[in-house]
Trainee: 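One structure is given below, represented as C-alpha cells, and several questions about it will come after.
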Amino acid sequence: MPPFDSSDVLTMPVPPAPDFQQLFERSPGAHLILAPDADFTIVAVSDAYLRATLTTREGLLGRGLFEVFPDNPADPDATGTHNLRASLERAVATRAPDTMAVQKYDIQRPQAEGGGFEVRYWSPINLPVLSPEGAVRYLIHRVEDVTEFVRLSRRGEEERERTAALQTRTTEMEMEIFRGSQELLAANRELREAVRLRDESLAVASQARAEAESQREWLHSLFMQAPTAIAIFRGPRYVIELANPLVCQLWGRRPEQVLGKPLFEALPEAADQGFEALLNEVRATGVHFVGTELPARLARLEGGALEDVYFNFVYEPMRDTRGHVEAVIVVATDVTEVVRTRQRTEALAAEKLRVAEERLRLAMEAMELGTWDMNLTTGALLWNERMRTLFGVAAEAPMDYPTFLAQVHPADRERVDRLAREAWAPGGTGAFSVEYRIASPEGGTQRWVSVRGQVHGDASGRPIRFLGTAQDITERKRRELELRQIAEFRERFLGIVSHDLRNPLNAILLSVNALMRADGEVKHHLKNIRRIATSAERMERMIADLLDFTRGRLGGGIPISPRPANLRSICGQVLEELEAGNPQREFRLSTTGDFQGTWDPDRLAQLFGNLGKNAVDYSPEGIPVDFVLRDEGDSVCVEVHNEGPPIPAELLPGIFEPFRRATDEQHPTSGLGLGLFIVQQIAHAHGGRIEVRSNEAEGTTFRVWLPRAPGD
C-alpha cells in the first residue's frame, strides 16, 4: 500500500451540498413533516405519500393535518383522527418515537374520481426531530398502506393464498426495512457533512468575535444618534449614566455637565418639582410611568434664568439579574411649543367665546321672546311680531299649523311634528320642548330656535289650547360647534403626537433586534438590550392603542383587512401568547361547531388578546379564564369569562368608552384605558357587536358576535 499523502485529500474536489428537500420528496417512503403546533401544520410531504393519499402538495402544505384528513362522516365509529392526534401528542411529550397499531383511517377521493371517502388501513409511526437543545422542532409522520393486507386477512380465502400473500408482503416489508436502513445510512452521511459545515461556520463566527467591541461602540453610537431624547439614571441617587445630545439639549446642559452626576445635582432647579417622587415610585414598584405635557422649570435661558417648559416622557424600570430595579431609562420629547400654541389657541377661543357670550347677553336683554297660541279645536294659530320676525314671516300672512311646519328645516320637520302631536294628543305628554333649525332662504344664514310649549285642556281634560314661546339660540349653537371643533383639534393633535413618537421607537426596536441577533461580546449586554426592546415594545403598543383610538374617533372606525380565517386557530394562538406571559394562570378553550369565516385575523387576535388580558388583570390568581366559541349559523359567538369581583354597576354603562377602566380604583396593571374601546371598534368594523354581563354570582362575561363575513 502506498504511503498516505495528505495532499491527496486537499486536492479532492468538494462535493456539492445535497438538496435535502429533493431527497426527502423523492424518497420511496410515505412521509409527512409536521410542525409541533396545535394543528400539526404540514410543512413537507413526500411524493410517495401524495400517491398513497390521492392528494397534491399544494393542497397539503401549510394546512393542519386534521383539516385535510378528517374522519369519514359516514362512519360513526371512526377513531382515526383521535388516535393519530394522541400518538403525535405522545411523541411531542416523550420526545421519543411512537408506533401505532394498524389504524382504519379513510381518505377522501378527488371529485374527478367520484368524491366521497375510500376505506384505507395504515401502519403509522411518529418520530420527533429534536433541536440541539432537546426541543421538538418537527415530527416525521411515516405510514404504510396495509389496506390490501387487512382485506386479505378478512376475506377468508384459502390458507395457501393468504399465506402466499403474507409471505409476499413480508418480503416487501423486509425490502422496505432494508431500503429504510439505506436511507438512514445516507442520512448519517449527510449529518456528518452538516457537522463539518457547522464546524466551518463556528470558525467563521470566531473571526466575528474580534468585531464585538466595535459593535458595542455602535450600540452606544445608536443611542447617541437616536432621533429622540434618551437618558439612563442608575441607583437611588439617579446618577446620569447615559445622556444623548437630544436630552442634553432638552435640559439646556452640555454632556460634561451632567454625565456621572446625580440627576438633581446636575439639574438642581428640578429638585422640588415632583420628578424625584415619580422616579422613586418607579424604582419601588417596578411599574413604568408615562407623563403627558408635564410642566417643568429648567435653567435653559441665557444667564441661568428659569424657563417654563413641557415634556412628554416615559420612566421605564431596568432590572438586574435578580429582578430588582437598578436603573430607570427615560425617553422624552419637548412639547413646549405645541402646548404654548394650544394655550394661545384656547385663550383666543376663550376670548372669542367671552365676546360672543357678551354679545348674546346684550342681545337677550334687548330681545323679546316670540310667542304663539294654537287653537286645537279650530286649528287657528296666532304669532306675535317677534315670532314672525324669527321665522321671517310677513305680518299680514295668515298662519296655521301646516304653514308653521313649512318654516321648519326639512331635516328637523318630522321630529318637530312628532313631538308636537305627542304633546297635544289625548293622554299625551302635555309639554313641548324642542330645538330646531328654521328653513332659511337659499344662501341665507342658518338660524336655530328653542321652543317651549304647554297644552291646556277644558274641564273634562280634552286638549283645547297649545301655548308657548320661541327664542333665537343661533349664537349658542355656534359656540357649541366651536367647542366641538376645539375638542376635535385635541384628538387630532393626539394622533399626530402618536405618529411622531412611533417613528423613533421603530428605529430603536429595529436596531435593538439587530443587536440581539449579533454574536460575540454583545451577548453580555443582551439582558439590558432586551429590557430596552421590551420597554420600546410597550411604548409601541401604547402608541398603537392611541392611533387606534384616533382612527376610531376621527377616521370613521378602525380599518380591517378581511381574509379567510379560522376563529378557533386565532383563539388558540392568542391563548398560547397569554399562557406564555401569564404562566401562573390557567386558560381554557371550549369550541362547538365550524369557525371558518372572513375576518381580519390580526385585529381579532388584538380583540381576544385585550379581552384575555382584561380577564387576567381583574380576576384573582388561581382562577381560570375561559374562552368559549359557539357556532350560531351565519355568525359566531365568542365568550371570555372570569370569576372574581364584578364590575361596579355604575361603571357598566360606560365600560367601552375610551380612557375608562373596569374598576373605580387605580389598578396596577391598567394601561391607558383604551383596551375595551378598541375591542368594541374592532367588533363594529367586522359588522359585529359586543356586550358585557357582570355580577357577584356569575362573574364577568364579555360576549362578541361576529358575522362570518363583514358584510353580513
Side-chain angles (χ1 to χ4, degrees), residues 287 541-542 545 548-549 552-553 557-558 567-568 570-579 581-593 595 599 603-632 635-707:
V287 178
R541 288 194 296 272
M542 294 171 65
D545 283 352
D548 283 341
F549 166 69
R553 278 295 178 89
I558 290 179
L567 204 62
R568 178 165 46 200
I570 297 172
C571 275
Q573 294 170 1
V574 171
L575 261 63
E576 289 179 2
E577 295 174 1
L578 288 171
E579 289 171 348
N582 303 273
Q584 76 283 6
R585 300 300 297 270
E586 179 184 3
F587 297 86
R588 303 184 299 201
L589 174 62
S590 174
T591 63
T592 304
F595 300 98
W599 300 293
R603 285 297 187 183
L604 290 189
Q606 182 182 6
L607 182 152
F608 300 144
N610 281 357
L611 290 180
K613 184 178 184 303
N614 190 73
V616 170
D617 287 349
Y618 295 99
S619 63
E621 291 190 6
I623 299 298
V625 175
D626 291 303
F627 280 66
V628 179
L629 276 62
R630 295 200 308 273
D631 180 347
E632 296 188 359
S635 65
V636 295
C637 178
V638 181
E639 293 183 2
V640 180
H641 172 79
N642 65 274
E643 301 291 339
I647 300 172
E650 66 272 17
L651 298 182
L652 281 174
I655 195 68
F656 296 107
E657 290 296 322
F659 306 110
R660 297 289 184 92
R661 295 183 174 88
T663 175
D664 53 2
E665 300 177 357
Q666 184 66 28
H667 197 278
T669 58
S670 297
L672 296 175
L674 294 175
L676 293 179
F677 170 80
I678 292 172
V679 164
Q680 184 189 56
Q681 293 298 308
I682 294 173
H684 289 174
H686 284 82
R689 59 188 175 90
I690 183 171
E691 69 176 26
V692 59
R693 181 184 181 91
S694 184
N695 55 57
E696 193 72 37
E698 300 174 356
T700 300
T701 302
F702 286 84
R703 292 186 177 89
V704 182
W705 284 269
L706 298 168

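Residue indices begin at 1 and follow the sequence shown. For the numbers below, each heavy atom of this structure counts, side chains included, while hydrogens, waters and symmetry mates do not.
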Trainee: Which residues pass the side chain to side chain contact (heavy atoms under 4.5 Å, CB included) test with Glu696, not counting sequence neighbours?
Mentor: Pro646

Trainee: If the condition is salt bridge (charged side-chain N to carboxylate O under 4.0 Å, His left out), which residues does Glu586 pass it with, not counting sequence neighbours?
Mentor: none

Trainee: With Ser635, which residues qualify under side chain to side chain donor-acceptor pair (under 3.5 Å), at least two apart?
Mentor: none

Trainee: Please enumerate all residues that pass side chain to side chain contact (heavy atoms under 4.5 Å, CB included) together with Glu579, with sequence neighbours excluded.
Mentor: Phe587

Trainee: Only counting residues at least two apart or in another chain, list the ones meeting side chain to side chain donor-acceptor pair (under 3.5 Å) with Arg689.
Mentor: none

Trainee: The criterion is side chain to side chain donor-acceptor pair (under 3.5 Å); which residues satisfy it with Glu576, sequence neighbours excluded?
Mentor: none

Trainee: For Gln573, which residues count as a side chain to side chain donor-acceptor pair (under 3.5 Å) partner, sequence neighbours excluded?
Mentor: none

Trainee: Which pairs pass salt bridge (charged side-chain N to carboxylate O under 4.0 Å, His left out) with one or both residues in residues 637-647, sequence neighbours excluded?
Mentor: Arg630-Glu639, Glu639-Arg703

Trainee: Do His686 and Leu604 come within less than 4.5 Å of each other through their side chains, counting heavy atoms only?
Mentor: yes

Trainee: Quick one: are Ile647 and Tyr618 in side-chain contact, heavy atoms under 4.5 Å?
Mentor: no

Trainee: List for me each residue that meets side chain to side chain contact (heavy atoms under 4.5 Å, CB included) alongside Leu589, sequence neighbours excluded, and say none if there are none.
Mentor: Cys571, Leu575, Thr591, Phe627, Leu629

Trainee: Glu577: what forms a side chain to side chain contact (heavy atoms under 4.5 Å, CB included) with it, not counting sequence neighbours?
Mentor: none

